[in-house]
S.K.: 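So that we are looking at the same thing, I have put the structure below in structure tokens.
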Amino acid sequence: MSPRRILVTSALPYANGPIHIGHLVEYIQTDIWVRFQKMMGNRCVYVCADDTHGTAIMIRARQEGRSEEALIAAMQEAHERDFAAFDIQFDNYGSTHSDENRQLCARFWQALRQQDLIVQRDVEQLFDPEAETFLADRFVRGTCPQCQATNQPGDNCSKCGSTYRPAELIDPRSTLSGAAPELRSAPHLFVQLEKLRDFLADWVANSGALQSETANYLAGHFLKDELRDWDISRPAPYFGFEIPDSPGNYWYVWFDAPIGYVASTQQWCQRNGESLEDWWQSDETEIHHFIGKDITYFHTLFWPGMLKAMGWSLPTKVHIHGFLTVDGEKMSKSTGTLVTAETYLQRLDPAYLRYFYATKLTPRVEDMDLGLEEFAEKVNSDLVGKVVNLASRTAKFAGKLGLSPEYPDDGGLFAQAAEAGDRIAEAYEECDYARAMRLIMELADRANPYVEHARPWELRKDPERQQELQDVCTVALNLFRQLAIYLAPVLPRLAQQCGELLGEPITRWQQSRTPLVGTPVAPFKHMLKRVQIEDLQQMIEDSKEQDTPEESTPAFADSDQPLKDEPLAEEITIDDFAKVDLRVARVVAAEHVPEANKLLKLTLSLGGEERRQVFAGIKAAYEPEQLVGRMVVMVANLKPRKMRFGLSEGMVAAAGPGKSEVFLLGIDDGAQPGQRVH
RNA sequence: GGGCCAGUAGCUCAGUUGGUUAGAGCAGGGCACUCAUAAUGCCUUGGUCGCGGGUUCAAGUCCUGCCUGGCCUACCA
């Protein structure tokens, strides 16, 4: 069979944050598949890129006081570093902010124009006059027009569940500046997807590119009704590519992101003297996308539509996976389960995660749970106890002797395992890594009893039986090598170590068919440490601390100094306390007071139109910019006091001795401006 | 509300086109071994296969109703 030509992609990580263990499900899943294909002798190219455009990047760059280019460059470096650390091996890792991508976007655009798929329409959208930008739904909050709940997001109400457009919100506020947004109209460009309905419906149902559940889902949700036009442009300012024939408008980030797959391929082609046509316009090439279920419709409707308009190859298969949970819960910062790649690597070996994910991954769109105990058990029993143990219990006996010149009788173990290679390969091919791992562990379960019964530790004491000893080690080490070959897509480092131990690198699946004989055996080196459950727990703790970097109180050995400095006040009744009306407030504006040494002028919102101007003595501890948008607790019924700089209509609650050591009271997520503190 | 998927030993799961006393790994118990990263081997305790009907000579496996959980999505595919 001639080698297949396969192009593989993973979804492009957004340049707005670091890689975490949830992202890694996909990159590990894809990398395993790619490594497997390469071992099978297929031509397989794995491309990816950073997804760099959009409002979120623009805003963040602005907040951090640097250019978008500087932000995405730093993020890309971090992403690539994390991927490399997890042995995720791209053939090319590009960026959507590249010349190649800009040019390809123009080509796709031209094709869509030529097919008469683009139409222009005015869209009314909220505009932040202070930040001078149009606001995506999630950057607007206000009062729900249905139930009057305050501080609701721009698209739907979390209280009553009703949906609306951001412009319908009562008293909308920009979360960027706190300013009241204005409704502005601007022309937008749309792709008329409905014109491609026949093609899409057929592709979804009959191409074989989609799992059946996904095909059903699309048929039921999107293809049931008329396909809505896809708003594909954004007016300036926007970080992205300006549309050549529509000055002042930019391609929406989801237009140029999938084209980034092509741009990344092109970079690879240029470097390797290949032609892009061979990879994107050839029936000889398979195209496999690996994505998460959250971006299903971009890859199963819009993207095939775009490719169709270009007349290019359609995806051979879109592999969709579910989300990651940790100990049965959604990942979250507060519980420390949102673990970044970096935090993981401080304590744990990437091989653990690769193997654990492999034992859990199936071709279905199912969520996957990472149970901490299960994680440790699987890694320790399977990899250390069964697989690596085979080598570590025999390699040093074989060190002096090397492997036997001919492969000895092993009761058929090697032949059986060689035969199992086909079934294991099939499981990898189908992305059923869970099955592949089970099959491999079955082999490992047969190998250890062999060693047990052969008793090499007794043989080595008898000079007459050195030949037998060598034979036993030859069998054990060859069985180990077979396992290392089968696990190589998942555990490339183990494969490499095995290659070093036995003097022949592992590169091809076929190597599992023939035992190694007559070669020297290198001194055994530790291959994989056991996982300590404490390391996992510590990793979770580390992830929590990232959330509140100031708080590092491992033993809670707090000083008694603050109480000495300011002893407790005399007892009061609850009625006394009730006189103080503490309220949650949002800082909607903050500015320096030029004449004042210690004061900042804050504008606090109590929800609705209620605003208070408060002067707070926190200048040395806080910059005005970092306060805007955050929640504070204020004394709302304090008698207003006239100050030199104006009227102060309350007090912001804060702790600390003063100067730069002032700490504002915050409040947990969910609280709303105007709520009283009881 | 609708759709999809799942519900098999304490835990994670296998169970092929329905066919003899339902399996594995881990965990638990006992014994053995000491080469190995408190690793390994042997033996062993655990299951009314979510519940109730039905089809069949025969159902964990097919049909149906219900219950529970997860995901998706909303006023009905």
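In what follows, every chain begins at residue 1, and chains take the letters A, B, ... in the order their sequences are listed.
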S.K.: Would you indicate, yes or no, if A39(B) has its OP1 or OP2 atom less than 4.0 angstrom from a side-chain nitrogen or oxygen of R393(A)?
M.R.: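 Checking A39(B) against R393(A), no side-chain N or O comes under 4.0 Å of OP1 or OP2.
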
S.K.: With sugar-phosphate meaning primed atoms plus P, OP1 and OP2, does V388(A) contact a base, only sugar-phosphate, or nothing at under 4.0 Å between heavy atoms?
M.R.: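 The answer is base, as V388(A) lies within the cut-off (heavy atoms under 4.0 Å) of a base atom.
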
S.K.: Counting Watson-Crick and G-U wobble pairs only, both distances under 3.5 Å, name the nucleotide matched with A77(B), or none.
M.R.: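 Pairing partner, where one exists within any strand: none, as none qualifies.
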
S.K.: Base, sugar-phosphate, or nothing for L223(A), non-hydrogen atoms under 4.0 angstrom?
M.R.: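 Touches nothing.
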
S.K.: Counting side-chain heavy atoms from C-beta on, which of G41(B), C71(B), U34(B) comes nearest to N448(A)?
M.R.: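 Given the options G41(B), C71(B), U34(B), the side chain of N448(A) is closest to G41(B).
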
S.K.: Take atom P in A24(B) and the same atom in U64(B), then report the distance between them in whole Å.
M.R.: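 Rounded to whole Å, the distance is 33 Å.
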
S.K.: What does R438(A) touch in the nucleic acid at a heavy-atom separation under 4.0 angstrom: a base, only the sugar-phosphate, or nothing?
M.R.: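 The answer is sugar-phosphate, as R438(A) gets under 4.0 Å only of primed atoms, P, OP1 or OP2.
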
S.K.: Is there a Watson-Crick or G-U wobble partner for G18(B) with both distances under 3.5 Å, and which nucleotide is it?
M.R.: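 WC or wobble partner does not exist here.
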
S.K.: For a quick check of understanding: with a heavy-atom distance under 4.0 Å over all strands, which category does P456(A) fall into, base, sugar-phosphate or nothing?
M.R.: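 P456(A): no heavy atom of the nucleic acid under 4.0 Å.
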
S.K.: Which whole number of Å gives the distance between the P atom of C66(B) and that of G1(B)?
M.R.: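 Their P atoms lie roughly 12 Å apart.
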
S.K.: Calculate the interatomic distance between F222(A) atom CZ and G3(B) atom C1'; express it in whole Å.
M.R.: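 Whole-Å distance recorded here is 13 Å.
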
S.K.: Below 3.5 Å, can you tabulate the donor-acceptor pairs from side chains in residues 478-485 of chain A to any protein atom, sequence neighbours excluded?
M.R.:
from: N478(A); atom 1: OD1; to: L516(A); atom 2: N; distance (Å): 2.7
from: N478(A); atom 1: ND2; to: T474(A); atom 2: O; distance (Å): 2.9
from: N478(A); atom 1: ND2; to: L516(A); atom 2: O; distance (Å): 2.9
from: R481(A); atom 1: NH1; to: T514(A); atom 2: O; distance (Å): 3.3
from: R481(A); atom 1: NH2; to: E504(A); atom 2: OE2; distance (Å): 3.2
from: Q482(A); atom 1: NE2; to: F414(A); atom 2: O; distance (Å): 3.1
from: Q482(A); atom 1: NE2; to: S512(A); atom 2: O; distance (Å): 3.0

S.K.: Just checking F86(A) against Y344(A), ring centres under 6.0 Å apart?
M.R.: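 Centroid separation for F86(A) and Y344(A): below 6.0 Å.
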
S.K.: If you check every side-chain atom of E452(A), which of C26(B), C72(B), C35(B) has the closest atom?
M.R.: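 Closest nucleotide to the E452(A) side chain: C35(B).
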
S.K.: Just the rounded figure in Å: distance from P of C4(B) to CD1 of I320(A).
M.R.: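 Between P of C4(B) and CD1 of I320(A): 17 Å.
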
S.K.: Specify the glycosidic conformation (syn or anti) of G46(B), with syn defined as within 90° of 0.
M.R.: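 Because its glycosidic torsion lies within 90° of 0, G46(B) adopts the syn conformation.
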
S.K.: Let me know the distance between CH2 of W457(A) and C1' of A32(B), rounded to the nearest Å.
M.R.: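 It works out to 11 Å between those atoms.
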
S.K.: Taking atom types as modelled, find out whether D231(A) and Y252(A) have a side-chain donor-acceptor pair closer than 3.5 angstrom.
M.R.: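 D231(A) vs Y252(A): no donor-acceptor pair found between side chains.
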
S.K.: Can you tell me the pairing partner of U55(B) across any strand shown, Watson-Crick or G-U wobble, with both distances under 3.5 angstrom?
M.R.: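 Across any shown strand, U55(B) pairs with none.
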
S.K.: Just checking, is any N or O donor in the side chain of Q416(A) or R446(A) under 3.5 Å from an acceptor N or O on the other one?
M.R.: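 Yes, R446(A) and Q416(A) have a side-chain donor paired with an acceptor closer than 3.5 Å.
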
S.K.: Of the candidate nucleotides C26(B), U12(B), C5(B), which contains the atom at the shortest distance from the side chain of E366(A)?
M.R.: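 Closest of the options to the side chain of E366(A): C5(B).
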
S.K.: With heavy atoms under 4.0 Å as the rule, sort N389(A) into base, sugar-phosphate or nothing.
M.R.: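 Answer is base: heavy atoms of N389(A) come under 4.0 Å of a base.
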
S.K.: For E500(A) and Q496(A), test the side chains for any donor-to-acceptor distance below 3.5 angstrom and give the result as yes or no.
M.R.: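 Side chains of E500(A) and Q496(A): pair found under 3.5 Å.
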
S.K.: Can you tell me how far C1' of A14(B) sits from CZ of R423(A), to the nearest Å?
M.R.: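 So the CZ-C1' distance, R423(A) to A14(B), works out to 13 Å.
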
S.K.: Indicate whether the side chain of Q37(A) and that of E429(A) have a donor and an acceptor atom separated by less than 3.5 Å.
M.R.: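 Q37(A) vs E429(A): donor-acceptor pair found between side chains.
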
S.K.: Between A22(B) and U34(B), how far apart are the two P atoms, rounded to whole Å?
M.R.: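 So the two P atoms sit 38 Å from each other.
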
S.K.: Heavy atoms from C-beta onward define the side chain here; which of G41(B), A39(B), C71(B) lies closest to that of K293(A)?
M.R.: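 The answer is C71(B), which lies nearest to the side chain.
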
S.K.: Is it the case that the ring center of W457(A) lies less than 6.0 angstrom away from the ring center of F397(A)?
M.R.: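 No, too far apart.
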
S.K.: Pick the nucleotide of RNA chain B nearest each of R455(A) and V365(A); which residue has the one closer to the 5' end?
M.R.: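 The 5'-side residue here is R455(A).
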
S.K.: Suppose you measure atom C1' in C11(B) against the same atom in G52(B); what distance do you get, rounded to whole Å?
M.R.: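 Here C11(B) and G52(B) have their C1' atoms 29 Å from each other.
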
S.K.: Both distances under 3.5 Å, Watson-Crick or G-U wobble: report the partner of C49(B), or none.
M.R.: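 When the pairing criteria are applied, nothing turns out to pair with C49(B), so the answer is none.
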
S.K.: Measure the distance from CG on D445(A) to P on G25(B) and round it to the nearest whole Å.
M.R.: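 Computing the D445(A):CG to G25(B):P distance gives 6 Å.
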
S.K.: When you compare A6(B) with G47(B), how far apart are their P atoms, in angstrom units rounded to a whole number?
M.R.: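 To the nearest whole Å, 26 Å.
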
S.K.: Picking from C26(B), A6(B), U37(B), which would you name as closest to the side chain of R364(A)?
M.R.: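 Output: A6(B).
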
S.K.: Rounding to an integer number of Å, can you tell me how far F480(A) CZ sits from A39(B) P?
M.R.: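 Atom CZ in F480(A) sits about 19 Å away from atom P in A39(B).
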
S.K.: Quick one: which of C33(B), C13(B), A36(B) gets closest to the side chain of K396(A)?
M.R.: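 That would be A36(B).
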
S.K.: Let's see if you can work this out: which of C35(B), U12(B), C72(B) has an atom nearest to the side-chain heavy atoms of F397(A)?
M.R.: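 The answer is C35(B), which lies nearest to the side chain.
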
S.K.: Both distances below 3.5 Å, Watson-Crick or wobble geometry, any strand: find the nucleotide opposite G41(B).
M.R.: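 By the stated definition (distances under 3.5 Å), C31(B) pairs with G41(B).
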
S.K.: Considering only atom C1', compute the distance from G29(B) to G65(B) and round it to an integer number of Å.
M.R.: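 About 43 Å, rounded to a whole number of Å.
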
S.K.: Using the C1' atom in both, what is the distance from G50(B) to U68(B), to the nearest Å?
M.R.: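 That atom pair is separated by 7 Å.
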
S.K.: Atom CG of L210(A) to atom P of C4(B): distance rounded to whole Å?
M.R.: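 It works out to 17 Å between those atoms.
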
S.K.: Angle class for the W254(A)/F298(A) ring planes (parallel below 30°, perpendicular above 60°, tilted otherwise)?
M.R.: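 Rings of W254(A) and F298(A): parallel, under 30°.
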
S.K.: Here's a test of your reading of the structure: between N380(A) and R435(A), which maps to the more 5' nucleotide of RNA chain B?
M.R.: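 Upstream on the strand: R435(A).
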
S.K.: Just N and O in the side chain of R460(A): are any of them under 4.0 Å from OP1 or OP2 of C35(B)?
M.R.: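 True: R460(A) side-chain N/O within range (under 4.0 Å) of C35(B) OP1/OP2.
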
S.K.: Measure OH/Y217(A) against C1'/C5(B) and give the value in whole Å, please.
M.R.: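 Taking OH of Y217(A) and C1' of C5(B), I get 15 Å after rounding.
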
S.K.: Looking at C26(B), which nucleotide sits across from it as a Watson-Crick or G-U wobble partner, both distances under 3.5 angstrom, or is there none?
M.R.: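 Its partner is G10(B).
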
S.K.: Please pick, from U37(B), C13(B), C71(B), the nucleotide with the shortest atom-to-atom distance to any side-chain atom of D367(A).
M.R.: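 Of all the options, the side chain of D367(A) is nearest to C71(B).
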
S.K.: Just name whichever nucleotide pairs with C71(B), Watson-Crick or G-U, keeping both distances under 3.5 Å, else none.
M.R.: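 Base partner found: G3(B).
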
S.K.: How far does the C1' atom of C26(B) sit from the matching atom of A14(B), given to the nearest Å?
M.R.: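 C26(B) and A14(B) have their C1' atoms separated by 14 Å.
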
S.K.: Going by atom types only, do D369(A) and T325(A) share a side-chain donor-acceptor pair under 3.5 Å?
M.R.: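 Short answer, yes.
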
